[in-house]
Amino acid sequence: MSKRYAVILAAGQGTRMKSKLYKVLHPVCNKPMVQHVVDQIFKLHIEEIVTVIGHGAEMVQSQLGSQSQYALQDKQLGTAHAVMQAKEMLDGKEGTTIVVCGDTPLIKAETMEALFKHHDSQAAKATILTASIQNPTGYGRVVRNDNGLVEKIVEHKDATQSEREINEINTGTYCFDNRTLFEALKNVSNDNVQGEYYLPDVIEILKKQGQIVTAYQTEEFEETLGVNDRVALAEAERIMRNRINEFHMRNGVTIIDPANTYIGADVEIGQDTVLLPGTVVKGKTVIGSECLIGPQTEIEDCRIGDGTVIRQSAAYKSAIGSQVNIGPFAHIRPESEIHDEVKIGNFVEIKKAVFGKASKASHLSYIGDAEIGSDVNIGCGSITVNYDGKNKYLTKIEDGVFIGCNSNLVAPVTIGKGAYVAAGSTITNNVPGEALSIARARQVNKENYVQNLNLKK
Ligand code: UD1
Ligand code: CA
């Protein structure tokens with residue numbers, strides 16, 4: 001196998017997106033388009049990956065980090081000009097270079113592998129990945145001669161009426177003999193409707209030199225979608241969503257309504273977990289097996305154990321154990337650590353709090369900046385008073401504590417092991433272990449008081 005190189009084109013502004021965000025950074029299923037491309041490229045045993053950046057260069061670079069080298073394209077003069085910027089890194093090297101557009105997020109490693117194989121088997125200098133699609137508007141068309149051999153690619157805007165009737169499109173992915181590519185790029189002109197240096201022109205140039213140029217037509221036309229505007233973005237999202245959902249279903253996850261379930265590209269889910277409609281799972285979330293999630297639940301960057309139930313709730317950047325019961329209508333904010341068998345009930349907000357095994361906050365609570373031991377019961381309406389307007393303080397509740405309903409725990413404060421706090425207390429001092437703390441006004445009943453007021457007629 002000859003050495004493989006990759007050039008990813010990601011310098012365009014993406015004018016048709018009408019967006020402040022650079023096109024290739026627009027997310028599809030919660031992952032930037034260019035990241036999808038790089039993740040697939042990574043599977044292909046590539047010697048060197050060069051991403052051509054321009055618009056939003058720094059942001060693209062910080063997204064991809066050390067996964068790629070970078071070539072800067074100062075002015076976006078076209079796709080051929082873009083590839084030329086990788087010359088410094090790749091010129092003169094022996095091997096095959098795959099060029100992929102950063103705006104084709106659906107392309108799969110398998111398809112690119114097949115393209116490489118086809119290219120090698122034909123001993124070609126250039127091989128275009130093509131697809132036959134129903135509505136080719138906007139794409140470059142593959143013009144073949146009477147023998148069915150590729151002649152050239154003509155851009156939609158430059159195409160004649162009869163060329164526009166061709167359904168076979170250039171997907172924007174190609175394999176080139178690396179040296180031949182950089183030689184041919186010197187001859188590309190910008191004599192066309194858009195005044196740009198088109199990479200596809202290399203095909204006609206090589207053809208005229210009598211080099212072997214082939215096309216590999218993939219059946220997987222859905223993979224080749226180029227995202228130029230928000231309509232195509234939504235289409236890519238739909239296709240990617242189906243693909244991800246299907247992957248999880250084949251892995252043993254039940255998805256009640258796949259059209260209404262949104263799983264990020266990097267999410268992992270265990271067997272026999274059930275996702276109910278309206279579930280959105282994002283980021284690097286890992287969900288264990290036999291969980292029940294949803295309906296209408298959003299989870300981002302969480303690790304969740306097995307057999308946990310999360311209904312109509314939101315959870316972010318937190319660790320959640322096994323056999324935990326959350327919701328309905330709970331909010332787990334970042335940096336929380338919820339251990340096994342915990343119950344977080346309706347209208348409970350948790351922030352940066354540790355909940356030890358089997359502890360409960362079943363109703364109407366705010367627990368922020370807290371360390372809660374195991375087997376603690378937090379009564380309805382109780383809250384941690386963690387903020388004095390300037391600083392945040394810690395509340396510590398040790399194992400086995402019982403906090404009566406509607407208590408305020410004014411931090412910093414520690415409730416010792418096994419202590420009881422009477423309902424309605426406002427606790428400002430530490431409570432020793434095993435103590436009962438009552439911090440509220442004593443009840444006074446004034447007999448016959450109402451009658452004496454003489455207010456009733
Ligand atoms: C391109 C192809 C077209 C093909 C289609 C497939 C050309 C001239 N046309 O058209 O044949 O059918 O892709 O989706 O190549 N870019 C740069 N620098 C530039 C210009 C573009 O880095 O100077 C990058 C863009 O960021 C983008 C990619 O190249 O990721 C493709 O550019 P775009 O303008 O979207 O090309 P299309 O018009 O879609
Ligand atoms: Ca495009």
Side-chain angles (χ1 to χ4, degrees), residues 6-17 19 21-26 28 32-38 50-57 59-61 63-64 68 70-86 99-107 126 128-133 135-143 150 152-159 163-164 166-174 176 185 188-204 215 217-218 221-233 235-236:
V7 177
I8 297 164
L9 305 184
Q13 159 80 41
T15 318
R16 289 164 281 182
M17 295 296 280
S19 175
L21 185 63
Y22 307 106
K23 176 164 75 173
V24 298
L25 291 176
H26 273 265
V28 169
M33 291 202 266
V34 68
Q35 187 69 63
H36 280 285
V37 173
V38 170
V50 180
T51 304
V52 182
I53 53 178
H55 278 285
M59 288 177 75
V60 176
Q61 205 166 341
Q63 171 64 41
L64 300 176
S68 171
Y70 300 93
L72 189 69
Q73 186 191 25
D74 268 333
K75 281 193 182 140
Q76 282 63 55
L77 303 178
T79 46
H81 180 257
V83 175
M84 206 113 76
Q85 310 311 306
V99 178
V100 193
C101 294
D103 65 351
T104 52
L106 298 165
I107 186 102
I128 317 157
L129 180 68
T130 74
S132 196
I133 61 174
N135 180 10
T137 305
Y139 289 96
R141 308 297 207 284
V142 179
V143 179
V150 177
K152 60 176 179 178
I153 295 168
V154 47
E155 289 306 296
H156 181 89
K157 286 183 180 156
D158 299 290
E163 284 167 340
R164 284 187 182 181
I166 299 172
N167 283 82
E168 188 182 12
I169 58 129
N170 167 28
T171 66
T173 302
Y174 326 70
F176 295 102
L185 281 171
V188 175
S189 83
N190 63 350
D191 181 17
N192 51 53
V193 173
Q194 301 188 80
E196 285 184 6
Y197 296 91
Y198 293 161
L199 179 60
D201 284 2
V202 165
I203 300 301
E204 195 177 2
Q217 192 177 33
T218 172
F221 64 90
E222 283 198 326
E223 276 182 36
T224 65
L225 180 75
V227 175
N228 295 324
D229 59 23
R230 311 259 185 163
V231 176
L233 183 67
E235 180 71 358

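Order of listing sets the numbers, starting from 1, for every ligand and every atom in it.
The shortest N or O to N or O distance between Asn170 and ligand 1 is below 3.5 Å. By the 3.5 Å distance cut-off applied to N or O atoms, Glu155 is counted among the residues near ligand 1. Below 3.5 Å of separation, one finds no N or O of Lys75 facing any N or O of ligand 1. Between Ala82 and ligand 1, not a single N/O pair is under 3.5 Å apart. For Tyr174, no nitrogen or oxygen atom sits less than 3.5 Å from a nitrogen or oxygen atom of ligand 1, counting backbone and side chain alike. At least one N or O atom of Gly140, backbone or side chain, sits closer than 3.5 Å to an N or O atom of ligand 1. Checked by distance only, ligand 1 and Tyr198 stay at 3.5 Å or farther apart across all their nitrogen or oxygen atoms. Residue Gly172 places no N or O, backbone or side chain, under 3.5 Å from any N or O of ligand 1. Where the criterion is an N or O separation shorter than 3.5 Å, residue side chain and backbone included, Leu199 fails it with respect to ligand 1.
Inter-residue side-chain proximity for Val28 and His36 is flagged as met; some heavy-atom pair is nearer than 4.5 Å. Side chains of Pro200 and Ile128 form no contact here, defined as non-hydrogen atoms less than 4.5 Å apart. Counting heavy atoms from C-beta on, the side chains of His55 and Lys23 never come closer than 4.5 Å. For the pair Leu129 and Ile107, the minimum side-chain heavy-atom distance is below 4.5 Å. The closest side-chain heavy-atom distance from Met59 to Leu25 is below 4.5 Å. Side-chain contact between Ile153 and Tyr174 is present, with heavy atoms from C-beta onward closer than 4.5 Å. The closest side-chain heavy-atom distance from Pro105 to Val227 is below 4.5 Å. Inter-residue side-chain proximity for Val52 and Val83 is flagged as unmet; no heavy-atom pair is nearer than 4.5 Å.
Under the rule for a side-chain contact (heavy atoms from CB on, under 4.5 Å), the partners of Glu204 that lie at least two apart in sequence or sit in another chain are Lys152, Lys208. Residues passing the side-chain hydrogen bond (donor to acceptor under 3.5 Å, both in side chains) test with Glu235, sequence neighbours excluded: Arg238. For Asp201, the side-chain hydrogen bond (donor to acceptor under 3.5 Å, both in side chains) criterion is met by no residue, not counting sequence neighbours.
No part of Ile169 comes within 4.0 Å of ligand 1, judged by heavy-atom distances. Using a 4.0 Å cut-off between heavy atoms, Asn228 contacts ligand 1 through its side chain alone, with no backbone atom that close. Neither the backbone nor the side chain of Glu196 comes within contact range of ligand 1; no heavy atom lies under 4.0 Å. The part of Lys23 lying near ligand 1 is the side chain, judged by heavy-atom distances below 4.0 Å.
Atom 29 (O) of ligand 1 has its closest protein heavy atom at Leu9 CB, 3.4 Å. Annotation: atom 16 (N) of ligand 1 to nearest protein heavy atom, Gly12 N, 4.0 Å. With hydrogens left out, the protein atom closest to atom 31 (C) of ligand 1 is Cys101 SG, 3.6 Å, a heavy atom. Protein heavy atom closest to atom 17 (C) of ligand 1, with residue, atom name and distance, is Gln73 OE1, 3.6 Å. Of all protein heavy atoms, the one closest to atom 36 (O) of ligand 1 is Arg16 NH2, 4.5 Å. Here the protein heavy atom with the shortest distance to atom 15 (O) of ligand 1 is Thr79 OG1, 2.7 Å. Given atom 22 (O) of ligand 1, the protein heavy atom at minimum distance is Ala11 N, 2.9 Å. Shortest contact from atom 23 (O) of ligand 1 to any protein heavy atom: Gly78 N, 2.8 Å.
No donor-acceptor pair closer than 3.5 Å links the side chain of Thr130 to the backbone N or O of Ala215.
Heavy-atom contacts from other residues, nucleotides or ligands closer than 6.0 Å to CZ of Phe221 number 12 or fewer.
Thr171 and Thr224 share no donor-acceptor pair across their side chains, judged by distance under 3.5 Å alone.
Below the 3.0 Å limit, the Ca ion (ligand 2) has as protein N, O or S neighbours Asp103 OD2, Asn228 OD1.
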Verdict with reasoning, Gln63 to Gln35, per side chain to side chain donor-acceptor pair (under 3.5 Å): CA-CA 8 Å; Gln63 171 64 41; Gln35 187 69 63; 2.7 Å; yes

Derivation of the side chain to side chain contact (heavy atoms under 4.5 Å, CB included) call for His81 and Glu196: CA-CA 8 Å; His81 180 257; Glu196 285 184 6; over 6 Å; no

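Atom 1 (C) of ligand 1 is not flagged as protein-proximal [any protein heavy atom, distance under 4.0 Å].
Ligand 1 places these atoms under 4.0 Å from at least one heavy atom of Thr171: 6 (C), 14 (O).
The distance from the CG atom of Asn228 to the OG1 atom of Thr15 is 10.0 Å, given to the nearest 0.5 Å.
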